[in-house]
There are 2 protein chains.
Amino acid sequence: MRPTVHDIAAEAGVSLATVDRVLNARPGVRRKTVDKVQAAVERLGYVRDVSAANLAKKRTYPLVFILPEGPNSFMRGLEAEIRAAMQRSPVERTAIRIETVPPFDPAAIVGVLDSLDPAEVNGVALVATDTPDVSAAVDRLVDRGVHVATLVSDLPGSQRIHFCGIDNLAAGRTAGGLIGRFCNGRAGKVLVVAGSMKLSDHMDRASGFAAVLRSEFPDLEIVGPVETNDDADTVRQAVTAALDAETEIIAIYSLGAGTRGLIEALPDREQRKLAVVAHEVTEHSRQALAEGLFDAVINQDCGHEVRSAIRVLKARADGLMPISAQERIRIDIFLKDNLP
Amino acid sequence: MRPTVHDIAAEAGVSLATVDRVLNARPGVRRKTVDKVQAAVERLGYVRDVSAANLAKKRTYPLVFILPEGPNSFMRGLEAEIRAAMQRSPVERTAIRIETVPPFDPAAIVGVLDSLDPAEVNGVALVATDTPDVSAAVDRLVDRGVHVATLVSDLPGSQRIHFCGIDNLAAGRTAGGLIGRFCNGRAGKVLVVAGSMKLSDHMDRASGFAAVLRSEFPDLEIVGPVETNDDADTVRQAVTAALDAETEIIAIYSLGAGTRGLIEALPDREQRKLAVVAHEVTEHSRQALAEGLFDAVINQDCGHEVRSAIRVLKARADGLMPISAQERIRIDIFLKDNLP
DNA sequence: CTGTTAGCGCGTTCAA
DNA sequence: TTGAACGCGCTAACAG
């Protein structure tokens, strides 16, 4: 039988209230009493029953998600998952609010971050641009006692407690390995299309990709990365222009969004055979895979990311450590053959 | 504010005890009273607070895992994950017992299944051979009121409530897509090595693989599948023999275990270039990937599978539906470039 | 058949 | 600085 506060109280020779004060690090207890209680906790191996505590406190976890607005399918999918989590709020004791900001706008993110009231918010998960001002705003919020987790794209220099997303360096390496093998010995150029180098996920993917090509497939030369701000029309124009200009392009790695534009720019399979790898399963990329326009799509499960963010933020609010393996977001690789 | 049993009692004009009886479908309540209470539940949108209920009941969930003994690395990894879950038992209110049985021995599984006491066991997760006797034993257990989930390999005809594992047909298709692309237009033969056709996961992988080769890569011809009972020495002998006999083999798909034997049988990369795809990241396969002996490894996260089995079995014991997307086990694809 | 009451493990008044 | 007592939402005796 697991020990309870009663057992601790008896063991330490004090009352329940005193045990509670010590356990919750509240003031008004003599140093010696604190030691006695802590010794009893150690001795009996006490672990607090979080659900009983939450019941007594009628606790809810007020959480805020910050993500970019706009037509980006992936971000809208992410938002849908957050809304699904809001549906479960009564059961999970969460109170989730969504704040959307213009994409690629660090100042807007900073504005939201600074407007948050630590008294009303327990944790924040955000999709951030990796810029110094956002990093600083995150640190300010953490200093004010709010736990912050990054979502999808990390903020490596900041005080965020956790990154809920894939290892984007490994994702880029994977793309490199796939494209290298799909080209299978042919020499030529590979066009790399990115959204914005202000995003650390795009940065990481680009460098992982370049590293693998350099070390394993030296016959493939990178063109780009071209920046498109994840805008479909820009992607279409950029890809069309590049394919016209460079006839030696035999593969494309699209590491950002705007996938619809990429599809529109792709020439007939018969005319010109290109190995194509893109990111995120959306309506568009799914169809492109099925039609054989794309060879592979690298995906991150945004449902998992959202649930993970909630678990991590809640655990942290309770001062617990989450199961780390459970929070590792996998790099999914989809071919037309294993599309879910 | 979420409604409580008190609110229901007031709304229905009855006492707490009666509400409790109705909510838990216990006998001794007049039909009319039941209806009144249920109407109040509907009207107020009541949902029971499971953690409060568990607190009051001091509930624990006694669970049994059945899996094959023996040297199979994957199964040992699975067992390690179950033991990790046992460590969390006090927090998760579980009481987990592991039963091991000789591999490929349906009778042994049936023996364990039939020996289980419904009064002492709440749910069972098992790695099963897909044979009629096991299926029947599962059905008998379900009839006696115990929830059963299959783990890793499914039992499609049975009354199991859930399958905790990957879509093995899709996994086989993925392997087919990868091998087809890695061979890249070359014609030749592909050796398929399996453990046992008594396992539905092996069956499914083999057929998914064959389907993709037939429809998308007609220049590749399948040799096998050869059955090895997942024994490394048998695998080594079978692969060596096949490679000697058939000089046109340009690829190998190993869809079962015994990966060490496969590695030992593989000729020098320089001598004979083979595209190799295997299953499950283990110490051996990891090294083979790193050295370039394997091109890809398809993996299932057994930690996720174990946690999922526990969640599903617990949820079912409480009469709840789990978040289905969370319980979908992903098909992981590892290249040397994205090895974790 | 139905209602009253005392906990489950913990947090939080209010007195002492 | 400490302790007693009540309540969180629910279940389980025990009466009636």
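Reminder, nothing fancy here: chain letters follow the sequence lines and each chain counts from 1.
At whole-Å resolution of the value, CG in Asp49(A) and P in dC10(C) are 6 Å apart. Atom CG in Leu55(B) sits about 9 Å away from atom P in dC8(C), given to the nearest Å. Counting to the nearest Å, the C1' atom of dC8(D) and the NE2 atom of His6(B) are 10 Å from each other. Atom pair Arg59(B):CZ and dG9(D):C1' shows a separation of 17 Å (rounding to whole Å applied). One interatomic measurement links the two molecules: NZ of Lys57(B) to C1' of dC8(C), which rounds to 12 Å at whole-angstrom precision.
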>> Before you tell me yes or no, could you show the steps for Arg26(A) and Asp20(A) under salt bridge (Lys or Arg N to Asp or Glu O under 4.0 Å), namely the whole-Å CA-CA distance, both residues' side-chain angles and the distance that decides it to 0.1 Å?
In response: CA-CA 8 Å; Arg26(A) 268 186 295 252; Asp20(A) 184 67; 2.2 Å; yes
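A heavy atom lying under 4.0 Å from DNA chain C marks none of the residues of residues 36-45 of chain B. Less than 4.0 Å separates DNA chain D from no heavy atom of any residue of residues 310-321 of chain A. Residues from residues 14-33 of chain B with heavy atoms under 4.0 angstrom of DNA chain C, sorted by number: Val14(B), Ser15(B), Ala17(B), Thr18(B), Arg21(B), Gly28(B), Val29(B), Arg30(B), Thr33(B).
For Lys58(B) and dG9(C), the shortest distance from a side-chain N or O to OP1 or OP2 is below 4.0 Å.
Map Ala52(A) and Asn54(B) each onto its nearest nucleotide of DNA chain D; the residue landing nearer the 5' end is Ala52(A).
Residues satisfying the side chain to side chain contact (heavy atoms under 4.5 Å, CB included) test with Leu16(B), not counting sequence neighbours, are Val5(B), His6(B), Ala9(B).
Between the CG atom in Asn24(B) and the CZ atom in Arg48(B) there is a gap of 4.5 Å [rounded to 0.5 Å]. In this structure, Ile8(B) CD1 and Leu44(B) CG are separated by 5.0 Å, a value rounded to the nearest 0.5 Å.
Remark: side-chain polar atoms of Ser153(A) are paired, donor with acceptor, to backbone N or O of Asp201(A) under 3.5 angstrom.
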Report all side-chain donor-acceptor pairs from residues 305-326 of chain B shorter than 3.5 Å, counting only partners two or more places apart or in another chain.
residue: Ser308(B); atom: OG; partner: Glu327(B); partner atom: OE1; Å: 2.5
residue: Arg311(B); atom: NE; partner: Glu327(B); partner atom: OE1; Å: 3.4
residue: Arg311(B); atom: NE; partner: Glu327(B); partner atom: OE2; Å: 2.9
residue: Arg311(B); atom: NH2; partner: Glu327(B); partner atom: OE1; Å: 3.1
residue: Lys314(B); atom: NZ; partner: Glu92(B); partner atom: O; Å: 2.8
residue: Asp318(B); atom: OD1; partner: Tyr61(B); partner atom: OH; Å: 3.2
residue: Asp318(B); atom: OD2; partner: Tyr61(B); partner atom: OH; Å: 2.7

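Direction change of the helix axis from one end of the helix from dC1(C)-dG16(D) to dA16(C)-dT1(D) to the other is 50°, with five pairs defining each end axis (rounded to 10°).
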